[in-house]
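In listed order, ligands and their atoms are each counted from 1. Keep in mind that what you see is a predicted model, and the values were worked out from it rather than measured.
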Amino acid sequence: MSKPISLALVGIGKIARDQHIPSITGNPAFRLDAAVSRHGRVNGIENFEDFDAFLKARPDVTAVSLCTPPEVRFDMAAKAIAAGRDVLLEKPPAATIGEAEALASLARAAGVTLFSTWHSRFAVAVAPAKAWLMGKEIAEISIVWKEDVRRWHPGQAWIWEPGGFGVFDPGINALSILTALLDDPVIVNKARLEIPSNRRQPIGATLAMRSAAGVPISADFDWRQEGPQTWDITVKTNAGILRLSKGGSEMYVDDTLVESGPDREYANIYARFASLIETRTSDADFQPLRIVADAFLCGESVLTDEFHD
Ligand code: NAP
């Protein structure tokens, strides 16, 4: 077996602890050798508070996974690429399309691997859903993505700031599945963004979209849903109704469960990162980010009730 890839994890917060650490330590292709975080620590490896200090001290660490919020990701990614490291970006890949495209171009020029991850695309039922849709005529798609922000983003102030995405932080996961299912580009016709009067990013959003071929697509994103959470995509076709539920982990055809399985999203992300590094290739698809940007561009913003954590 070849030597494991030496990796650093950057931004030791919720997703780094919940998903990245177990997936890295469970994959023999990687060795977690360093962590970079101002407050978070990982036991048993070298910890840095400063990213520049890490790059300088550990040239032997050839790959980095950036789990910081999107608005601070560009500078770290650009520095890592310039230092010749292979880079994995948590979703969303950057705060703007310009940043994301600049990173892809810098990585190409430097000859390093850039992996812009969309974890929901690795949900167990997404590939089977794409296979089932092959050759069928799609009449309509509707997305309902409603969750409780207090449960999933407790006390995360950055998510309400410019560059934090608000309800599009989870909504972009649905858009990543949508764009994986469709070969056609998705166009935003209209959007309505509900912004709490004491915050700067939306708590709810509705989007009217269409595929380039004219299939109508609607999305309803809401962060105020308590109780059971809803992460559903329904696709009406000429041969039945496909429903992806629970964020892509269950697939139903005409209400019959045909696909489900254990969550392996992040395990599959690291398997893909290892194979991209081995083949010296990149995977940098920014379509979900572009749809969000378009919703902000053409959307109508309305003020709604204050939100308090
Ligand atoms: P988080 O708990 O706030 O962790 C992010 C970490 O980044 C912080 O702990 C912080 O660690 C570091 N950081 C560096 N600069 C920062 C800044 N200016 N503001 C705030 N934190 C900063 O967030 P998260 O939920 O892990 O989300 C991180 C990324 O993962 C986001 O892009 C999110 O969309 C994505 N993601 C999250 C989830 C989820 O369920 N939460 C799921 C999938 C993907 P230090 O203070 O120690 O530097």
Name of the residue among Trp160, Phe168, Phe165 meeting ring-ring contact (aromatic ring centres under 6.0 Å, His included) with Trp223 = Trp160

Quick one: which of Gln156, Arg73, Lys14, His39 has a heavy atom closest to atom 32 (O) of ligand 1?
-> Arg73

Using heavy atoms and a threshold below 4.0 Å, how should the contact between Trp118 and ligand 1 be classified: side chain, backbone, both, or neither?
-> neither

Under 4.0 Å between heavy atoms, the region of Ile15 that gets near ligand 1 turns out to be both

Closest non-hydrogen contact found for Leu175 with Thr179 is O-OG1, 2.7 Å

With heavy atoms and a 4.0 Å threshold, my read on which part of Val72 contacts ligand 1 is side chain

Aromatic plane relationship, Tyr270 with Phe273 - under 30° parallel, 30 to 60° tilted, over 60° perpendicular = perpendicular

Per-residue contact class, Cys67 against ligand 1 - non-hydrogen pairs under 4.0 Å = backbone

Heavy-atom gap Pro92 to ligand 1 smaller than 4.0 Å | yes

Should Phe168 be listed as contacting ligand 1, given a heavy-atom distance under 4.0 Å as the test?
-> no

Would you say ligand 1 has an N or O under 3.5 Å from any N or O of Trp158?
-> yes

Between the CD atom in Glu147 and the NE2 atom in His153, the distance rounded to the nearest 0.5 Å is 5.5 Å

Assess whether atom CD of Glu306 is packed by more than 12 heavy atoms of other residues, nucleotides or ligands within 6.0 Å.
-> yes

Min side-chain heavy-atom separation Leu133-Leu242 under 4.5 Å | yes

Quick one: does ligand 1 sit under 4.0 Å from the side chain of Asn173, the backbone, both or neither, non-hydrogen atoms only?
-> neither

